[in-house]
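The next block holds one structure in the form of structure tokens; read it before the comments.
We count residues from 1, following the sequence as given.
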Amino acid sequence: MAATNNVTELIIAGLFQDPEVQRVCFALFLPVYLATVLGNGLIVMTVSVSKSLGSPMYFFLSSLSLVEICYSSTVVPKFIGDLLAEIKTITLKGCLAQIFFFHFFGVAEILLLVVMAYDRYVAICKPLHYMNVMSRPLCQVLVAGSWLGGFVHSIIQVLIAVQLPFCGPKVIDHYFCDLQPLFKLACTDTFVEGVTVLANSGLIALCSFLILVSSYIIILVNLRKHSAEGRRKALSTCASHITVVVLFFGPAIFLYLRPSSTFTGDKLVAVFYTVITPMLNPIIYTLRNAEVKNAMKKLWSKKSLGMGFLSFVEICYSSSTAPKLISDLLAERKAIAAWGCMAQLFFMHFFGGTEIFLLTVMAYDRYVAICKPLHYSSIMNRKVCAVLVGTAWLGGFLHSLAQVLLIVHLPFCGPNVIDHYFCDILPLLTLACTDTFLTGLLVVANGGVLSVVSFVVLLASYAVILCHLRTQSAQGRRKALSTCGSHITVVLLFFVPCVFIYLRPSAPLPEDKLVAVFYTVITPLLNPVIYSLRNAEVKKAVKTLWGRMTAWNEKNMAATSNVTEIIFLGFSQNQNVQKVISVIFLLLYTAIVLGNGLIVVTVTASKGLSCPMYFFLSYLSLVEMCYCSVTAPKLIFDSFFGKRVISLQGCITQIFFLHFFGGTEIFLLTVMAYDRYVAICKPLHYATIMNRRVCGLLVGAAWAGGLLHSIGQTFLIFQLSFCGPNVIDHYFCDVHPVLKLACSDTFLFSLLIIINGGSISVVSFTVLLASYAVILHSLQGHEAHGRGKALSTCASHLAVVGLFFIPCSFVYMRPCVTLPADKIVAVFYTVVTPLLNPVIYSFRNAEMKNAMRRLLGRKAIWEEK
């Protein structure tokens with residue numbers, strides 16, 4: 001990317017330019033974002049813990065809430081931080097990363113909403129079959145499919161943007177990075193890219209919206225047959241879903257279903273689906289749903305809220321410093337705006353002070369439980385607990401506000417380098433261009449004294465507890481000490497570093513950064529370990545939660561497979577014919593490994609084969625060897641020894657690797673077609689467009705695509721139950737033959753396999769043909785010699801493409817039925833294509849033949865020496 005771009009950093013214009021308006025927006029959007037995270041997080045926790053929310057609808061709701069948190073977090077934190085910054089910048093890499101995650105979670109949400117509409121359709125229109133249709137395996141498949149769909153969509157969006165050259169200007173007229181504002185900065189024509197984005201984003205939004213509207217029309221028509229009470233309940237259930245759909249899809253369709261142009265109102269429209277909708281999701285689903293409200297009330301009434309609040313505070317406390325620290329580790333220039341520094345200071349002391357007060361409250365709770373066990377329930381009633389927790393939050397807020405007020409009035413006129421990894425008071429005081437002696441004393445009084453007093457109170461409370469334990473039995477002492485041990489450990493790890501830092505004059509020491517790691521990173525990390533490993537009740541509760549999460553899966557899955565191994569019929573039952581087949585395939589497999597291995601070695605060793613085409617060719621040869629090795633050795637062994645058996649786990653493993661390497665090969669062939677397109681249609685820009693980094697990214701994306709495709713196929717098979725028969729009319733395990741053995745309905749699974757396998761083959765094949773049609777059209781302007789050379793270069797690629805894709809499309813782009821010809825067809829894409837790959841690419845390529853001769857010549861000389 002750096003080779004084609006003069007721009008490495010972008011400036012974000014933001015939502016408004018007026019500083020006063022920006023501060024108002026900060027005060028407005030910060031509570032909105034906190035409400036989004038807290039509200040959706042509460043839904044996720046409630047659904048996970050509550051037994052009463054075990055239906056598919058709540059499973060999808062918790063997944064939607066998780067996506068909403070992630071989706072909002074890709075945009076809003078950066079947006080809020082920029083509201084306090086004078087210059088709003090983002091690196092080009094950071095911009096592309098934001099685009100990737102924004103579209104990843106956005107499309108995952110779109111597909112989840114479609115899945116939830118299907119869930120409501122089944123619940124209302126087929127209530128008697130609801131639990132059978134919406135089984136746990138199917139729900140998991142649908143959610144995983146939503147995430148996978150979001151990932152594939154997002155990869156396409158980023159691949160479109162990453163190829164564009166940016167040479168200026170570098171101001172994005174938006175408050176976050178998105179494709180259409182970014183296209184305006186590209187110093188090339190982006191018409192084709194705009195149309196691609198329109199097809200990829202706009203059509204997804206529109207088609208999903210039409211499917212949702214159609215599903216609810218069917219539901220409304222079906223409701224006419226229900227009673228008035230049934231209609232009211234069904235409409236109430238659907239109303240919340242429809243509200244979220246309209247609020248999300250309306251703005252999304254407005255922005256993405258139009259040509260690549262930006263309007264003035266786009267930023268305000270984007271606020272709805274990036275900020276408002278994620279916040280309204282928990283409000284809509286909780287206030288309109290009695291079951292969710294009741295479950296939240298039960299959750300709130302649990303006695304372990306002190307530890308829960310402490311864990312939540314630890315998350316917030318660590319998040320005020322750790323994410324910035326991690327991002328700075330990868331950045332050359334570690335900068336933060338002055339207002340951002342003040343914000344970090346405020347939140348760190350807010351959550352840190354709250355944690356101090358909460359630890360004190362928990363010590364008081366332990367004192368009452370051990371010293372006054374008979375009065376524990378009456379003293380530590382619900383109202384007292386709520387007051388104590390509220391007081392802890394209020395104390396943290398007042399402490400933090402005082403710290404910020406001490407700093408905010410100080411003048412800073414240089415230098416501006418903080419010898420720390422986050423903004424804290426003592427390093428900031430050293431930058432002030434005025435005397436800070438009095439301010440330092442006030443900081444010691446506010447921060448240090450608070451730490452010391454709380455620490456002394458905690459030690460005193462535990463001294464009283466230990467004295468009181470002498471009168472109890474040995475069993476009681478052991479249990480009480482075990483209960484308090486985890487609390488004391490956290491107290492020491494947190495308070496000792498805090499006292500060292502804040503109870504001394506305003507003079508930073510070199511050790512401060514290392515000491516700060518303890519109370520900002522180590523203590524929050526150890527909190528769940530200490531409280532879970534040393535507490536039997538917590539461990540039991542975690543096991544119970546895990547059991548609840550898997551109970552539905554065990555209840556709805558009829559995964560009582562009696563089949564432990566599978567038998568292959570192979571090509572023939574005749575022993576002599578089988579031996580002949582084993583010899584033939586052994587020769588073919590040896591030729592495949594030697595031929596493709598020779599290509600890999602030649603490209604790796606030859607300096608003259610350093611262009612991207614040969615880089616991709618070496619990876620294609622490596623994939624061909626792996627792909628053939630998944631099936632051929634097993635076939636050779638089975639045919640020679642007559643033992644054609646494989647375990648069920650081995651069968652699923654073979655399916656995984658077959659589709660992993662097969663999917664990777666499909667994507668690699670598509671990448672090679674793009675390489676040929678750039679080489680022939682844009683020869684002057686070839687070296688800059690197809691630089692080493694882009695080639696590495698494309699190969700990595702091909703491997704990732706193959707992995708995701710394979711995981712999708714294997715995950716579908718894992719959900720099935722097999723109770724007999726166990727004979728496959730094939731010579732290796734593949735999805736269609738295995739589906740025939742399942743003792744359950746596989747219609748939906750076969751459709752998903754067609755979507756995952758067949759559609760990838762057909763779409764990739766169509767893209768390849770289209771790319772070569774463009775290449776052929778472009779060759780009309782070339783001279784005869786150039787056309788001949790270009791056609792010769794492409795002919796080998798087209799030959800491999802035809803031999804591989806046509807059999808794949810025949811096998812995978814049809815319903816789940818096996819034909820007698822499948823075994824013969826499979827030979828083409830598992831054996832013949834890997835065999836012909838080195839023949840086609842070496843015998844038709846003069847550079848490759850010359851490089852092989854030089855390589856063999858070097859070997860002969862070395863042997864002579």
Distance-only, no hydrogens or angles: does the [X] side chain make a donor-acceptor pair with backbone N or O of [Y] under 3.5 Å?
| X | Y | answer |
| --- | --- | --- |
| T664 | F660 | yes |
| S710 | F656 | yes |
| S639 | I636 | no |
| S146 | L142 | yes |
| Q98 | C177 | yes |
| S618 | F615 | yes |
| T74 | F101 | no |

Looking only at heavy atoms, what is the nearest atom pair of [X] and [Y], with distance?
| X | Y | result |
| --- | --- | --- |
| H730 | F568 | O-CB, 3.4 Å |
| L622 | V600 | N-CG2, 3.9 Å |
| Y627 | P834 | CD2-CG, 4.4 Å |
| F166 | L182 | CE2-O, 3.4 Å |
| I728 | P737 | CG2-CB, 3.5 Å |
| W147 | A108 | CA-CB, 4.4 Å |

Checklist entry - Below 4.0 angstrom, N of the basic side chain to O of the carboxylate: do K823 and D729 qualify? => result yes
Item to check | Chi angles and distances behind the side-chain contact (heavy atoms from CB on, under 4.5 Å) call for F616, V671 | outcome: CA-CA 8 Å; F616 296 133; V671 166; 3.6 Å; yes
Next on the checklist: Working note: V827 + V832, criterion side-chain contact (heavy atoms from CB on, under 4.5 Å); need CA distance, chi angles, decisive distance, verdict.
Outcome noted: CA-CA 6 Å; V827 171; V832 176; 4.0 Å; yes
Approximate separation, where rounding is to 0.5 Å, of [X] [atom1] and [Y] [atom2]:
| X | Y | atom1 | atom2 | result |
| --- | --- | --- | --- | --- |
| K579 | F640 | NZ | CZ | 6.0 Å |
| C207 | I110 | SG | CD1 | 10.5 Å |
| F722 | C651 | CZ | SG | 7.5 Å |
| N596 | L617 | CG | CG | 8.5 Å |
| L164 | L179 | CG | CG | 9.0 Å |
| M672 | Y619 | CE | OH | 13.5 Å |

Identify which one of [options] satisfies the side chain to side chain contact (heavy atoms under 4.5 Å, CB included) criterion when paired with [X].
| X | options | value |
| --- | --- | --- |
| D734 | H659, Q713, Q654 | H659 |
| S606 | V603, T602, T604 | T602 |
| V727 | I566, L741, L569 | L569 |

With side chains defined as the heavy atoms from C-beta onward, is the minimum distance between [X] and [Y] less than 4.5 Å?
| X | Y | result |
| --- | --- | --- |
| F104 | Q157 | no |
| H685 | V678 | no |
| L698 | L159 | yes |

Next on the checklist: Taking the ring centre of each residue, are W703 and F667 less than 6.0 Å apart?
Outcome noted: no
Next on the checklist: I want to know whether H153 and F151 have ring centres closer than 6.0 Å.
Outcome noted: no
Checklist entry - Where do E565 and I646 land on the side-chain contact (heavy atoms from CB on, under 4.5 Å) test, with the steps shown first? => result CA-CA 6 Å; E565 62 180 20; I646 190 172; over 6 Å; no
Checklist entry - With no hydrogens and no angle check, do the side chains of Y589 and S629 hold a donor and an acceptor under 3.5 Å apart? => result yes
Next on the checklist: Using the rule given for side-chain contact (heavy atoms from CB on, under 4.5 Å), can you reason through Y674 versus M690, listing the C-alpha separation, both sets of side-chain angles and the distance that settles it, and then say yes or no?
Outcome noted: CA-CA 10 Å; Y674 175 71; M690 299 302 294; 3.7 Å; yes
